[in-house]
J.: 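To start, I am sharing the structure in question, which I have written as structure tokens.
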Amino acid sequence: MKPDDDAQRDQEFARLDALLDELPAPVEPPGLAERVLAATASERAGQHPAARGPRAWRPVWIAMPLAAAAGLALWFGGLGGADRQALGPNVPSEQVADLPTDPDLLRELELLEDWELLVTDDLDVLLAELDEVDELLLNRPDDEEVEQG
Amino acid sequence: MHAAPQPDRTGAEDRAVQPDGDPGAAWMVAWAAGDEAAFERLVRAYSGRVHGLLTRFLGPVSEREDLTQEVFLRLIRGRDNYQPTARFTTYLYRIVFNLAANEREKLRLRRTASLDGGADEQDGPIDVPDGSLEAPDARLDREARATQVRAAIDALPDSQRAALLLAKFEDLSLAEIGEVLGLSTKAVKSLVHRARENLRTSLAGLLTEEVA
């Protein structure tokens, strides 16, 4: 790029920054904070320690549904094939036994996140994630000729 | 880059007790420990910034206030899981951009389906005249330029627009922007660079008339 082009480019970027600085800040609607507080009041009331019960009891309230779930799992595990059929055709024993434990679930979630990155259609994000070497190769001009023997 | 000046929205009492460093993180920790007044301080300090960021990203759509409320509802639901490992604004803005990205997609689908192209989405102009002593012609020119610049920003891909807005108007570092958007610092740098190049192209008429 010629020095004059560089200088012009720098001037244009400086002008762009000035235009962006000139943009007025969005105006906050009057009373916004009060309305947000009012709208979130019921959610906060449900989260309040008093509403949740004393801290000492919290482990009990967490343990009870877990214990119930564990009991159900044991009950299903003890069922024979005919009983399972009675529950419905879609509860094969091997699937119940193979349900992922938490670490397995986490690994699968990580794979899912990587998959979402792979299938993203945001070209800018994909290009931005290229390694430096890959980016150089991508930008290499296709003007190399193969010598004919 | 210089952030556009933001009006001070905190009340006098909040300013008086605001600690140095990261007040938002301190208030979140206090609130999680049971100090309900700390949540009120969070809302008063940050609701304006959240609303402003949503406005810059989505434009003056009617859902902004609902989305602002939703941001704080999500804050409430994540209260027990909050860890002050980064600046509070990084955590807050991550919530904002997740919501904004979903809303942007919904708006896009609605505009595609709508016969009148989404004109009913707008609340009207973002800005209120500042009542300065500026000459009317100069003010009209300034407003026309602002409209053109906003349209150019709106035409950017979502990822570029988000990176540019956070870098330019929220004074976040590249690393912090990366934490908000779930990208590497290198990717953020590239996005900001691309955004500025695209704006330089789309606003060429405005830039060259001033440079010449």
Side-chain angles (χ1 to χ4, degrees), chain A residues 4 7-52 54-55 58 62 113-114 116-117 120-132 134-135, chain B residues 1-2 4-7 9 34 36 39-40 43-44 47-48 51-56 60 64-66 68-69 72-73 75-77 79-80 126-128 130 142 145-146 149-150 153 157-160 164 168-169 183-184 186-191 194 196 199-200 203-204 206-208 210-211:
Chain A
D4 288 344
Q8 183 175 347
R9 191 166 169 270
D10 289 342
Q11 283 181 336
E12 288 173 359
F13 275 127
R15 179 59 189 144
L16 174 63
D17 284 329
L19 284 174
L20 293 173
D21 286 334
E22 202 180 54
L23 284 179
V27 177
E28 180 182 335
L32 174 68
E34 281 71 24
R35 288 194 294 281
V36 171
L37 286 167
T40 56
S42 57
E43 186 83 21
R44 277 185 291 137
Q47 289 263 340
H48 196 280
R52 287 183 290 187
R55 273 186 178 265
R58 204 180 304 164
I62 293 170
E113 285 169 4
D114 287 341
E116 285 175 348
L117 180 63
T120 180
D121 57 359
D122 193 330
L123 186 60
D124 286 308
V125 172
L126 286 173
L127 289 173
E129 292 288 354
L130 286 177
D131 289 333
E132 195 172 326
D134 292 329
E135 202 163 348
Chain B
M1 287 182 177
H2 301 287
Q6 297 282 344
R9 301 291 174 200
E36 290 300 317
F39 181 78
E40 185 172 336
V43 172
R44 293 197 185 283
S47 57
H51 189 271
L53 194 53
L54 288 167
T55 302
R56 288 196 193 274
R64 284 170 297 160
E65 191 158 325
D66 289 342
T68 303
Q69 291 170 8
F72 286 93
L73 283 171
L75 208 61
I76 292 168
R77 290 168 199 150
R79 167 186 182 169
D80 289 338
I126 296 174
D127 316 308
V128 173
D130 60 7
R142 183 171 54 77
R145 283 198 301 273
V149 171
R150 275 196 222 100
I153 293 173
D158 286 355
S159 52
Q160 287 182 21
L164 179 75
K168 181 66 182 173
F169 298 111
L183 298 171
S184 65
K186 188 162 69 72
V188 170
K189 192 174 177 181
S190 177
L191 286 171
R194 288 174 196 278
R196 285 164 59 78
L199 288 179
R200 189 172 75 98
L203 296 171
L206 275 183
L207 301 180
T208 51
E210 294 293 331
V211 169

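Proteins come first, then strands; the chains are lettered A, B, ... in the order of their sequence lines, and each starts at number 1.
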J.: Tell me yes or no: between the side chains of B/R64 and B/T68, is some donor less than 3.5 Å from an acceptor?
T.: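 No.
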J.: Where on B/L73 is there a heavy atom nearer than 4.5 Å to chain A: the side chain, the backbone, both, or neither?
T.: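 Contact with chain A is through both the backbone and side chain of B/L73.
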J.: Can you list everything that forms a side-chain hydrogen bond (donor to acceptor under 3.5 Å, both in side chains) with B/Q69? Sequence neighbours excluded, please.
T.: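 Scan of B/Q69 (side-chain hydrogen bond (donor to acceptor under 3.5 Å, both in side chains), adjacent residues dropped) gives none.
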J.: B/I153 versus chain A, heavy atoms under 4.5 Å apart: side chain, backbone, both or neither?
T.: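 Only the side chain of B/I153 comes within 4.5 Å of chain A.
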J.: Report the distance from atom CD of B/E65 to atom CG of B/L54, rounding to the nearest 0.5 Å.
T.: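 Separation between the atoms: 11.0 Å.
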J.: Does any N or O in the side chain of B/S47 come within less than 3.5 Å of the main-chain N or O of B/R44, such that one atom is a donor and the other an acceptor?
T.: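 Between the backbone of B/R44 and the side chain of B/S47 there is no qualifying donor-acceptor contact (under 3.5 Å).
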J.: Sort out for me which of B/V149, B/L75, B/L203, B/L53 touches chain A most, counting heavy-atom pairs under 4.5 Å.
T.: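 Greatest number of close heavy-atom pairs with chain A: B/V149.
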